[in-house]
Amino acid sequence: MNSDDNNYSDIIDEIFDRAIYGPKIFKNKLVLFHDYIPKRLLFREEQISKLARHLTTLIKHQRTSNLFIYGKPGTGKTAVTRYVINRLLEKIKGTDFKFIFSYVNCRLAGTEYRVIKYMADSIGLKLPFTGLSTEEAFNRLKNHLVNLKKPFLVVLDEVDALIIRYGDNLLYSLTRLNYDESDIIAMIIGISNDLRFKEMLDPRVLSSLSEEEIIFKPYTATELEQILWDRIQLAFFDNTVDQGAVKLAAAISGSENGDARKALDLIRVAGEIVEAQGGNKITTDHIKMAYNSIDRERTLEVIRTLPLHSKLIIGALYLMTIGGQNNRIKSSVLYQKYSLLTGEIGESPLSSRRFYSLLTELSLLGIVNRRIDNYGRRGGRVTTVKFDVPLTLIKKSLVEDPIIGDLLINKFD
DNA sequence: TTTCCACCGGAAAATGAGGTCC
DNA sequence: GGACCTCATTTTCCGGTGGAAA
């Protein structure tokens with residue numbers, strides 16, 4: 001065993017000892033995660049009552065109107081919806097009131113076909129991953145609903161993601177279930193972060209989906225503070241969170257769209273930092289560290305999960321940046337460098353069209369910054385790019401890559 | 001006012017890998 | 001086994017763009 005092995009052994013022992021024998025501040029960390037639904041939801045009494053009243057028509061087997069829920073991310077739309085539906089399911093257990101329920105996150109599902117498959121799976125109908133036309137899959141779902149003879153409640157979360165990409169065909173078919181000869185009673189609850197997608201809906205779908213609406217306003221910093229204290233009591237042991245730390249986490253999240261999830265993330269990551277350091281109290285400094293850490297981890301994770309050619313573009317830009325070339329790199333020059341790099345790992349470069357698409361994606365992800373300058377008849381329009389994140393982060397994420405890491409590591413040094 | 005440059009990006013088609021159905 | 005399906009990725013084609021130069 002050499003001296004390096006001894007050093008690593010000491011570090012690892014220290015980390016494990018701290019985890020096993022060090023002070024503990026978390027009582028139940030799970031309550032700080034996004035999918036946890038608390039027993040009470042603060043500042044959402046009005047929305048809870050409205051949704052609960054709306055759902056009563058369904059359990060009475062009455063034809064009912066659909067519902068559209070709108071609000072910024074982290075304002076409690078999904079939590080309130082799942083909370084009220086869970087309460088209703090508990091309430092009707094053992095009674096004659098019955099309905100079948102399906103929850104689908106349209107952004108995660110991705111395509112119309114998969115939204116139908118998620119709905120089918122959750123009501124006990126097996127559909128293949130692929131091989132059927134979307135129309136055939138929907139017909140099978142519809143026939144299954146006819147056989148079940150129970151009202152059908154479907155929650156389409158992030159429904160805007162589906163509409164923007166595939167149009168409103170599926171939504172139209174779902175809204176028509178109530179009006180054809182099949183005798184199905186169906187209620188659609190659409191949840192969206194973005195009201196603008198309604199402009200893309202067919203007027204018939206729009207009027208059907210927006211019969212009732214519930215708006216979720218962003219939480220204020222004061223409300224976020226109370227929500228945090230409510231959750232802290234469940235998540236941490238007594239006297240392990242400083243009052244100032246909670247105020248700061250609430251203020252940061254309040255200034256960023258009143259996002260409660262962000263506030264919970266800050267407290268959770270700050271708690272993890274305190275435990276890793278062997279400390280026993282979360283302070284404002286830990287919240288600041290958590291804020292930087294979340295940002296940094298997000299960037300690293302985004303770059304790690306990018307496809308190979310996006311990483312090659314980043315690699316080419318990195319090499320040109322550290323190579324002392326201009327602060328901003330021309331996109332056409334970057335394409336040449338990227339093409340050379342792909343050749344070095346035995347790959348063919350993608351077309352310039354595809355290259356521009358990937359560059360646009362990197363810009364939207366906040367990894368590179370694009371600027372368009374115009375040099376007129378002689379120079380034309382020129383797009384230049386530079387990194388929008390620290391070069392140390394770029395290097396760290398690229399050298400970890402099994403394919404291009406080895407290739408680039410020699411050039412880095 | 002028109003021309004020209006160097007891209008940029010929408011639309012449609014191609015491709016290939018997964019699958020079902022008859 | 002062949003016809004047909006979805007889906008993600010990529011290519012091809014081509015019109016649009018803004019502003020300096022002609």
Side-chain angles (χ1 to χ4, degrees), chain A residues 104-121 125-144 156 158 161-174 196-197 199-200 302-317 320 325-343 345-386 388 401 403-404:
Chain A
V104 186
N105 183 304
C106 299
R107 189 176 54 81
L108 295 180
T111 66
E112 281 190 330
Y113 183 88
R114 284 196 215 141
V115 169
I116 296 170
K117 178 164 164 56
Y118 269 96
M119 283 192 274
D121 283 351
L125 171 67
K126 289 284 164 230
L127 287 180
F129 288 107
T130 174
L132 297 182
S133 68
T134 308
E135 194 183 348
E136 172 62 19
F138 187 80
N139 284 337
R140 291 189 187 187
L141 174 76
K142 188 173 156 185
N143 291 337
H144 191 69
L156 298 175
E158 301 196 61
L162 184 75
I163 306 303
I164 287 166
R165 205 155 163 210
Y166 295 95
D168 60 2
N169 290 337
L170 177 60
L171 218 48
Y172 178 72
S173 302
L174 283 168
R196 287 171 299 175
F197 92 97
E199 294 163 12
M200 302 170 77
V302 165
I303 298 175
R304 273 189 205 121
T305 53
L306 285 172
L308 174 66
H309 286 272
S310 297
K311 285 181 184 169
L312 285 165
I313 294 171
I314 294 175
L317 181 57
M320 295 184 87
Q325 302 203 14
N326 281 340
N327 195 22
R328 303 194 70 90
I329 311 290
K330 264 181 82 174
S331 57
S332 53
V333 178
L334 180 63
Y335 180 64
Q336 288 168 12
K337 182 75 179 174
Y338 149 80
S339 301
L340 285 175
L341 215 54
T342 52
I345 59 163
E347 289 268 329
S348 306
L350 298 174
S351 64
S352 61
R353 174 69 188 87
R354 183 65 188 142
F355 167 82
Y356 283 114
S357 292
L358 294 179
L359 204 56
T360 305
E361 274 176 31
L362 293 176
S363 168
L364 291 172
L365 288 167
I367 295 168
V368 302
N369 169 285
R370 286 192 309 169
R371 194 180 77 200
I372 297 168
D373 293 304
N374 212 307
Y375 298 99
R377 196 166 172 168
R378 278 194 183 160
R381 275 183 112 183
V382 172
T383 297
T384 54
V385 292
K386 67 171 192 142
D388 237 0
D401 189 88
I403 299 172
I404 61 170

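Labels below follow one simple rule: chain letters A, B, ... track the order of the sequence lines, proteins then strands, and each chain is numbered from 1. The structure presented is a predicted model; accordingly, all values stated were derived computationally and were not measured.
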Peer 1: Rounded to whole angstroms, how far apart are CD on A:E136 and P on B:dC21?
Peer 2: 8 Å

Peer 1: Taking OP1 and OP2 of C:dT10, is either one under 4.0 Å from a side-chain nitrogen or oxygen of A:S351?
Peer 2: no

Peer 1: How many Å lie between CG on A:L132 and P on C:dC7, as a whole number?
Peer 2: 11 Å

Peer 1: Can you name the ring pair (Phe, Tyr, Trp, His ring centres under 6.0 Å) partners of A:Y356, sequence neighbours left out?
Peer 2: none

Peer 1: Working to the nearest 0.5 Å, report the span between CD of A:E135 and CG of A:N169.
Peer 2: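 A:E135 atom CD to A:N169 atom CG measures 10.5 Å (nearest 0.5 Å).
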
Peer 1: State plainly whether the residues A:D373 and A:R371 are in salt-bridge range, i.e. N to O under 4.0 Å.
Peer 2: yes

Peer 1: Atom CD of A:E135 to atom C1' of B:dT20: distance rounded to whole Å?
Peer 2: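 Distance, rounded to whole Å: 16 Å.
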
Peer 1: For nucleotides 3-7 of chain B, list the nitrogen or oxygen atoms of the protein found under 3.5 Å from its nitrogen or oxygen atoms, one pair per line.
Peer 2:
| residue | atom | partner | partner atom | Å |
| --- | --- | --- | --- | --- |
| B:dT3 | O2 | A:R377 | NH1 | 3.4 |
| B:dC4 | O4' | A:R377 | NE | 3.2 |
| B:dC5 | O4' | A:R377 | O | 3.0 |
| B:dC7 | OP1 | A:S332 | OG | 3.1 |
| B:dC7 | OP2 | A:S332 | OG | 3.1 |
| B:dC7 | O3' | A:T383 | OG1 | 3.3 |

Peer 1: Using a 3.5 Å distance criterion without hydrogens, assess whether the side chain of A:D168 forms a donor-acceptor pair with backbone atoms of A:L171.
Peer 2: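 Judged by distance alone, no pair lies under 3.5 Å.
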
Peer 1: Map A:S133 and A:A109 onto DNA chain C by nearest heavy atom, then report which one ends up closer to the 5' terminus.
Peer 2: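 Its nearest nucleotide being more 5', the pick is A:S133.
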
Peer 1: Can you see if the side chain of A:R370 gets near the phosphate of B:dG9 - specifically, an N or O under 4.0 Å from OP1 or OP2?
Peer 2: yes

Peer 1: Under 4.0 angstrom, heavy atoms only, what part of the nucleic acid is A:R371 near: base, sugar-phosphate, or nothing?
Peer 2: nothing

Peer 1: In terms of heavy-atom contacts, does CD of A:E136 have more than 12 from other residues, nucleotides or ligands at under 6.0 Å?
Peer 2: yes

Peer 1: Quick one: A:Y335 OH to C:dT10 P, roughly how many Å, whole number?
Peer 2: 12 Å

Peer 1: Compare side-chain N and O positions of A:T134 against OP1 and OP2 of C:dC5 and report whether any pair is under 4.0 Å apart.
Peer 2: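 Result: no.
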
Peer 1: For A:K117 and B:dG19, what is the distance between atoms NZ and C1' respectively, to the nearest whole Å?
Peer 2: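 So the two atoms are 12 Å apart, to the nearest Å.
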
Peer 1: Polar atom pairs between nucleotides 10-13 of chain B and protein, under 3.5 Å, N or O only, would you list them?
Peer 2:
| residue | atom | partner | partner atom | Å |
| --- | --- | --- | --- | --- |
| B:dG10 | N7 | A:R353 | NH2 | 2.9 |
| B:dG10 | O6 | A:R353 | NE | 2.7 |

Peer 1: What's A:Y113 touching, base or sugar-phosphate or nothing? Going by heavy atoms closer than 4.0 Å.
Peer 2: sugar-phosphate

Peer 1: May I have the distance from A:L306 (atom CG) to C:dT9 (atom P), rounded to whole angstrom?
Peer 2: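 Those two atoms, CG and P, are 12 Å apart.
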
